[in-house]
Enquirer: 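Just dropping this structure here.
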Amino acid sequence: MVIPCLHNWSMTYPEAAALQRQLAAEVTLVNRLPQPVRLVAGVDVSYQPHGELFFAGVVVLERPGLRVVEEASARGRVEFPYVPGFLSFRELPVVIEAFRNLNRVPDAILVDGQGIAHPRRLGVASHLGLWLGLPTVGCAKSRLCGEYEPPGPARGDRQPLQLGGEQVGVVLTTRDRVKPLFISPGHLVDIDTAAQLTLECCGRYRMPEPTRLAHHLTNRLRKEYLAEMASEE
DNA sequence: GCGACAG
DNA sequence: ATCTTGTCGC
């Protein structure tokens, strides 16, 4: 399969995988979060099941209090199919465009998807962190790879997520009696800090506020667009 | 060869 | 990811 990449290249599957391994070598798990973390951003992407139009949104919240201080978005066409393990090639171009429309520089970014909990240690959160040079955390709703024991049902309960004999993240219960999230460092954060920050950003819902609000933003944009299309025949 | 497989 | 109503439980 030929894989068009972030840089308009065309690559075969093994070439794209090799690029991921090369980039993964640049990922740092040394904590570079400021003390305290004031601005936390959430990112998400929305699109039609068979549509080619993507909507990306970034929402920046200020802590403590988790108040929204800025939003940015972008829309774009996507030329890459969903291939497990290559999500970043599909979503990052429009996400990066959304960040170009953002004025503030967040202290940390929460991403919908995996960080290093990835077959080649380069989930979408890690790829984005490298690209932006900012701390990122992967907050996925389900597992891509790795083994784990189910965590307890209470908020804060967690179990290590292991891959190839090493821990790549945690399976974290973010609210009482909800399905756990799969948390892994993207870039410039360690595993424990990634889990702690995620938990601190979770209010009344399973998903942390930043990505939850980003999801709402992109969904709103997509539906507004669809409504506008409908009104113009 | 067979199953697994973020969004 | 997204399509969808009601419904069970705190």
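Source: prediction; values computed, not measured. We name chains A, B, ... by the order of the sequence lines, and we start the count at 1 in each one. What you see below is based on every heavy atom in this structure, not just the backbone, and it leaves out hydrogens, waters and symmetry mates.
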Enquirer: Which heavy atom of Thr28(A) sits nearest to which heavy atom of His187(A), and what is that distance?
Expert: N-ND1, 3.0 Å

Enquirer: Nearest-Å distance, CE (Met207(A)) to P (dA6(B))?
Expert: 14 Å

Enquirer: Separation of Phe182(A) atom CZ from dA6(B) atom P, in whole Å?
Expert: 10 Å

Enquirer: Where the side chain of Thr193(A) meets the backbone of Asp190(A), is there a donor-acceptor pair that is under 3.5 Å apart?
Expert: no

Enquirer: Please check the phosphate of dA6(B) (OP1 and OP2 only) for any side-chain N or O of Lys141(A) closer than 4.0 Å.
Expert: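 Checking dA6(B) against Lys141(A), no side-chain N or O comes under 4.0 Å of OP1 or OP2.
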
Enquirer: From the set dA1(C), dA6(B), dC5(B), return the single nucleotide nearest to any side-chain atom of Tyr47(A).
Expert: dA1(C)

Enquirer: Flag this pair as yes if the NZ/CZ of Arg222(A) is under 6.0 angstrom from the six-membered ring centre of Phe54(A) and inside a 45 degree cone about the axis; otherwise no.
Expert: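 No; the conditions do not both hold, so Arg222(A) does not lie above the ring face of Phe54(A).
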
Enquirer: Report yes or no: does Asp107(A) contribute a side-chain atom to a donor-acceptor pair with the main-chain N or O of Leu39(A) at less than 3.5 Å?
Expert: yes

Enquirer: Flag this pair as yes if the NZ/CZ of Arg143(A) is under 6.0 angstrom from the six-membered ring centre of Phe182(A) and inside a 45 degree cone about the axis; otherwise no.
Expert: no

Enquirer: Measure the shortest side-chain to side-chain distance between Tyr47(A) and Arg90(A) over non-hydrogen atoms and say whether it is less than 4.5 angstrom.
Expert: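 Yes, close enough: below the 4.5 Å cut-off.
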
Enquirer: Starting at atom CD of Glu91(A), determine the distance to atom C1' of dA1(C), rounded to an integer number of angstrom.
Expert: 8 Å

Enquirer: Which string of ( ) [ ] | and . matches DNA chain B, if you list each base 5' to 3' and count Watson-Crick or G-U pairs only when both distances are under 3.5 Å?
Expert: .......

Enquirer: What string of B, S and - do you get for nucleotides 3-10 of chain C 5' to 3' if you count protein non-hydrogen atoms under 4.0 Å?
Expert: S------S

Enquirer: Rounding to a whole Å, what distance do you find between Arg90(A):CZ and dT2(C):P?
Expert: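 So the CZ-P distance, Arg90(A) to dT2(C), works out to 11 Å.
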
Enquirer: With a 4.0 Å cut-off on N to O distance, would you call Glu52(A) and Arg77(A) a salt bridge?
Expert: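 Looking at Glu52(A) and Arg77(A), the cut-off is met.
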
Enquirer: Mind calculating the distance between CZ (Arg212(A)) and C1' (dG7(B)) to the nearest angstrom?
Expert: 19 Å

Enquirer: Is Tyr82(A) close enough to dA6(B) that one of its side-chain N or O atoms is under 4.0 Å from OP1 or OP2 there?
Expert: yes

Enquirer: Between His215(A) and dT2(C), is there a contact of a side-chain N or O with OP1 or OP2 at under 4.0 Å?
Expert: yes

Enquirer: Send over the distance from Leu87(A) CG to dA1(C) P, rounded to a whole Å.
Expert: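 So the two atoms are 10 Å apart, to the nearest Å.
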
Enquirer: Count the heavy atoms of every other residue, nucleotide or ligand shown that sit under 6.0 Å from CZ of Arg155(A), and state whether that count exceeds 12.
Expert: yes

Enquirer: Can any side-chain N or O of Thr218(A) pair as donor or acceptor with the backbone N or O of Ala214(A) at less than 3.5 Å?
Expert: yes

Enquirer: What's the closest nucleotide to the Arg143(A) side chain, out of dC5(B), dA6(B), dT2(C)?
Expert: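 Closest nucleotide among those given: dC5(B).
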
Enquirer: May I ask you to evaluate whether Ser142(A) reaches the phosphate of dG7(B), defined as a side-chain N or O under 4.0 Å from OP1 or OP2?
Expert: yes

Enquirer: To the nearest Å, how far apart are Leu221(A) CG and dA1(C) C1'?
Expert: 16 Å

Enquirer: Atom CZ of Phe89(A) and atom P of dG7(B): how far apart are they, to the nearest Å?
Expert: 18 Å

Enquirer: Assess whether a salt bridge exists between Arg121(A) and Glu166(A), defined as any Lys/Arg side-chain N lying under 4.0 Å from an Asp/Glu carboxylate O.
Expert: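 Here Arg121(A) pairs with Glu166(A) in a salt bridge, since their nearest N and O are under 4.0 Å apart.
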
Enquirer: Tell me what Gly138(A) touches on the nucleic acid: a base, only sugar-phosphate, or nothing, going by heavy atoms under 4.0 Å.
Expert: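 Contact class for Gly138(A): none.
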
